[in-house]
Amino acid sequence: MELTLENYLAWMQDFAQKIADKKDYLSDLDSKIGDGDHGNNMARGLKAVSEALATKPADLTSALKVTAMALISKVGGAAGPLYGTAFLEMAKLSSKTVDLSELITAAAAGLQKRGGAQAGDKTMVDVWLPVRDNLKNSQLTSEKIEQAVNSTKQMEAKKGRASYLGERSVGHLDPGAVSSGYLFESMLQTGVIK
Amino acid sequence: MELTLENYLAWMQDFAQKIADKKDYLSDLDSKIGDGDHGNNMARGLKAVSEALATKPADLTSALKVTAMALISKVGGAAGPLYGTAFLEMAKLSSKTVDLSELITAAAAGLQKRGGAQAGDKTMVDVWLPVRDNLKNSQLTSEKIEQAVNSTKQMEAKKGRASYLGERSVGHLDPGAVSSGYLFESMLQTGVIK
Amino acid sequence: MSYGILIVSHVPEIAAGVPKLLQQVATDVSITAAGGTDEQEIGTSLEKINQAIAANQADELLAFYDLGSARMNLEMAAEMTTKKIHLYDTALVESSYVAASLLQAGVALAAIEKQLEPLKIKGNN
Amino acid sequence: MSYGILIVSHVPEIAAGVPKLLQQVATDVSITAAGGTDEQEIGTSLEKINQAIAANQADELLAFYDLGSARMNLEMAAEMTTKKIHLYDTALVESSYVAASLLQAGVALAAIEKQLEPLKIKGNN
Ligand SMILES: Nc1ncnc2c1ncn2[C@@H]1O[C@H](COP(=O)(O)OP(=O)(O)O)[C@@H](O)[C@H]1O
Ligand SMILES: Nc1ncnc2c1ncn2[C@@H]1O[C@H](COP(=O)(O)OP(=O)(O)O)[C@@H](O)[C@H]1O
Ligand SMILES: [Mg+2]
Ligand SMILES: [Mg+2]
Ligand SMILES: [Mg+2]
Ligand SMILES: [Mg+2]
């Protein structure tokens, strides 16, 4: 399971498409427990990513880095520094290893450092952590991803805007968890794993 | 010591003049431990008071009321609702009694209700309370007023913007105490008392 | 909705900006604001506060302010209106945001006030 | 003066307004601000924060923000600059006002931070 420039570009292209397709759905989810912009934020960010990757970065490290930079500078919401940090950590590690499991482990750690969220806080972290663990055991499947995304529905938010709603946040999917679900679905579908 | 429409108008005319003369000094004092606008605030307020009183209110109660309204609506800083409330309380009581001591007692109570300041908090209250007490004993003099104003210099502010400076507020006169000192100096000088 | 939000600041821009932050998460809550003096300088204006109260579509308002003298003018305005004004000594931006989120979610006033309690940081100045 | 103040808000108007409130009591303190996204929408922009840091005349900044995602961008900006950024999880308007008053009065950072402590109301969201 090695990340290459080629499969990475395919992965991001698919992810950008999914985000563009699900833009309104993501914003709808966010309007229930947040400010209703997650879809727009991510679509703006992934558009910038696509444009940056279209300039043909020389290697995987540069590709990861321009992805991070585009997300950090264009998303505009919490998801920007969060996804941005995740990709930046992958970029940094990619000069040493391109093992997917190790890269995602570093990314998840960066995400947690940036946002301070733990498992169960009803954030994108609740998708990244199980994905990281399943990758380690080579057991990541589409069902596992879906399960992680859906697990956020019954959680009470402890981080992000939704946390102000307390128990009122229960019963809604976390938008960042859903967009992270798309990220990993794309990863599976574009053959990064096998 | 009765307040009449006539001596009240003379009092306010003199007070407005003092404020106009000391405008820059009051703002300078305020810039040391506040936002530097007390002189401008009071000058704007007293100009509105003079204009309102120039329309010849029918009686003392109306005169006190239009003074209060002009101060409340034109001062723009904390001094507006504070002085405004003081004059409004005098207006209310003036239909029952025009005894100066009783009017000032009611005014001081209104001031404290509005701002919540106690003696020693380094505010205009530190002038109003001794003036109230000295009026009760018919012992108010120019020296007593000056003494009350100067007593604020060594106090540590507990109310108003100066309170954020904590012990750094010590060593400066409170601007509202100084403007209140002018108010009562005018009261003495225009013969409201004897 | 019967509860609205009232913002009072010393600065016209802050009074213009806070409702934008809140309205994003509380599309159905009436939010009005008063900022600056009548001359648009730094300070507060009782007249502007009265207008913001009148312009609010709700008849029971949760009111937030920045500094003490805004509080005093808010109190005066509260004494002048028939609307019920709940005045909070809490962090202006953060607590009005929390209140807006919870009002939008239909949370009861008592529960909102409980959540505002830890955000109380003034009232003594 | 070697300490400056940095304001980061989700709303351009709030970022424009808070410095006005502060500058009134802190004429000699450098105060810069970043608000809204690059498109002037509600959100934060790392680029704007970087610019506000660069534009500040001080090389050690006391930084205040409104909501959590502003905090994350502030942290990223802090990692990118050579200036020292002190990040406070305190009430945006009220605590930056206190910090400005005290900086103007020449109070030392440790004493300022002590006075900011009771104004800490976030950092967990
Ligand atoms: N502190 C945090 N740690 C991890 N994830 C977070 C945190 N704060 C927010 N998120 C994630 O960000 C998502 C919201 O992103 P977005 O709508 O772009 O940002 P914003 O809330 O600033 O509008 C949430 O659904 C959640 O998954
Ligand atoms: N809570 C209070 N109680 C009594 N007096 C107060 C209070 N707050 C402020 N003051 C008085 O108001 C004066 C400042 O008035 P002004 O400069 O017009 O208001 P601001 O502080 O809003 O600019 C202070 O010097 C003090 O005497
Ligand atoms: Mg959002
Ligand atoms: Mg947002
Ligand atoms: Mg002042
Ligand atoms: Mg003022």
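Chain identifiers are assigned alphabetically (A, B, ...) following the order of the sequence lines, protein sequences preceding nucleic acid strands; residue numbering begins at 1 within each chain.
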Would you say A/Gln13 has more than 12 foreign heavy atoms packed within less than 6.0 Å of its CD? no
Please check if the number of heavy atoms outside D/Lys48 that lie under 6.0 Å from its NZ is greater than 12. yes
The complete set of ring-ring contact (aromatic ring centres under 6.0 Å, His included) pairs with one or both residues in residues 91-119 of chain A, sequence neighbours excluded, reads none
Quick one: which residues of residues 25-43 of chain A reach chain D at under 4.5 angstrom, heavy atoms only? A/Asp37
Just wondering, are more than 12 heavy atoms of other shown residues or ligands nearer than 6.0 Å to NZ in D/Lys20? no
Among residues 66-87 of chain A, which ones touch chain D with a heavy-atom distance under 4.5 Å? A/Ile72, A/Ser73, A/Lys74, A/Gly76, A/Gly77, A/Ala78, A/Pro81, A/Leu82, A/Thr85
Contacts with chain A made by residues 34-46 of chain D (heavy-atom distance under 4.5 Å), listed by residue number: D/Thr37, D/Asp38, D/Glu39, D/Glu41, D/Ile42, D/Gly43, D/Thr44, D/Leu46
Tell me if the NZ atom of A/Lys47 is crowded by more than 12 foreign heavy atoms within 6.0 Å. no
Tell me if the NZ atom of A/Lys136 is crowded by more than 12 foreign heavy atoms within 6.0 Å. yes
Answer yes or no: is there an ion pair linking D/Glu75 with A/Lys113, defined by an N-O contact shorter than 4.0 Å? no
Assess whether atom NZ of A/Lys153 is packed by more than 12 heavy atoms of other residues, nucleotides or ligands within 6.0 Å. no
A/Lys65 atom NZ, over 12 foreign heavy atoms within 6.0 Å: no
